[in-house]
Amino acid sequence: MSPYIQKSKDNLAAADYLVGGNLYEASAHSAYYSVYFLSKELLSSYFGIGHDEQKILVNGPKSHQKFIKKFTECLNTVSNFEPNDFVQWFNQTNMLRNKADYKPKKSPQPIYEDNVKYAHNFAKGINDNFKLY
């Protein structure tokens, strides 16, 4: 199994554990990185964008937005595939991670629970469509 798939699975398990332990803000980081690592593997294995090339995408300001943009562009090239939910889940997990990591104001508990559900939906949908694991 790819190390990025394992990291994705580990982060998703951590997000579940953190939400279960009422550590909602901490779960946002793990949920996002679950989505991020799975996306890295998809770009590499399905779209042929190697990890070295991906490093260029996540360099400098707004690096994760650049990565999400490239991911979106790639998904838009797949025929008979509707990427909107996946892009929305990716953006949502990223925004909540940023908010949880950098803003002092906490979000309501259900937002974090939904965020972990988005990460699960993302992982299931990507695997169902692209058979990464």
Please give me the minimum heavy-atom distance between Ser34 and Asn11, naming the atom from each residue. N-CB, 3.7 Å
Quick one: does Thr77's side chain have a donor or acceptor within less than 3.5 Å of a partner on Cys74's backbone? yes
Does the Asn127 side chain pair with the main chain of Ala123, one donor and one acceptor, at a distance under 3.5 Å? no
Hey, could you give me the CD/OH distance between Glu41 and Tyr133, rounded to the nearest 0.5 Å? 11.0 Å
Quick one: does Gln54's side chain have a donor or acceptor within less than 3.5 Å of a partner on Ile49's backbone? yes
Nearest heavy atoms of Ile5 and Leu132, plus distance in Å: CD1-O, 3.2 Å
Applying side-chain contact (heavy atoms from CB on, under 4.5 Å) to Lys55 and Asp52, what does each step give before you reach the verdict? CA-CA 5 Å; Lys55 286 179 187 175; Asp52 288 339; 3.8 Å; yes
Looking at Thr72, is its backbone amide N or carbonyl O close enough to the side chain of Asn76 to form a donor-acceptor pair, meaning the two atoms are under 3.5 Å apart? yes
Identify the heavy atoms of Asn59 and Lys66 that sit nearest to each other, and give their distance. O-NZ, 3.4 Å
Residues Leu38 and Ser8: closest non-hydrogen pair is CB-OG, 3.6 Å
Would Leu75 and Val35 show up in the same hydrophobic cluster when neighbours are defined by side-chain heavy atoms closer than 4.5 Å? yes
Quick one: NE2 on His120 to CG on Asn115, what's the gap to the nearest 0.5 Å? 10.5 Å
Same cluster (ILVMFWY, side-chain, under 4.5 Å), Phe47 and Ile56: no
Partners meeting side chain to side chain donor-acceptor pair (under 3.5 Å) with Tyr24 (sequence neighbours left out): Asn22, Gln109
CD (Glu53) and CG (Leu43) are apart, to the nearest 0.5 Å, by 9.0 Å
If you round to the nearest 0.5 Å, how far is NZ of Lys106 from CD1 of Ile111? 13.5 Å
Going hydrophobic residue to hydrophobic residue with side-chain gaps under 4.5 angstrom, can you get from Leu42 over to Val87? no
hydrophobic_cluster_shared for Leu12 and Met1, side chain cutoff 4.5 Å: no
Residue pair Phe90 / Tyr36: nearest heavy atoms and the distance that separates them: CZ-CA, 4.1 Å
In terms of ring plane angle, is the pair His64 and Tyr33 parallel, tilted or perpendicular, where the classes change at 30° and 60°? perpendicular
Value for OG (Ser2) from NZ (Lys40), rounded to nearest 0.5 Å, stands at 10.0 Å
Can you establish whether the number of heavy atoms outside Phe81 located under 6.0 Å from its atom CZ is more than 12? yes
Looking only at heavy atoms, the pair that brings Glu25 and Ala100 closest together is O-CB, 3.6 Å
CG (Asn98) and CD (Gln65) are apart, to the nearest 0.5 Å, by 7.0 Å
Between Gln88 and Tyr118, is the side-chain contact (heavy atoms from CB on, under 4.5 Å) condition met? List the steps. CA-CA 9 Å; Gln88 182 180 347; Tyr118 298 150; 5.7 Å; no
Assign the ring pair Phe37 / Tyr4 to parallel, tilted or perpendicular, where the plane angle (0 to 90°) is split at 30° and 60°. tilted
Test of understanding: clusters of I, L, V, M, F, W, Y form through side-chain heavy atoms closer than 4.5 Å, transitively. Do Ile68 and Leu96 belong to the same one? no
Aromatic rings Phe122 and Phe71: how do their planes relate, parallel, tilted or perpendicular, breaks at 30° and 60°? tilted
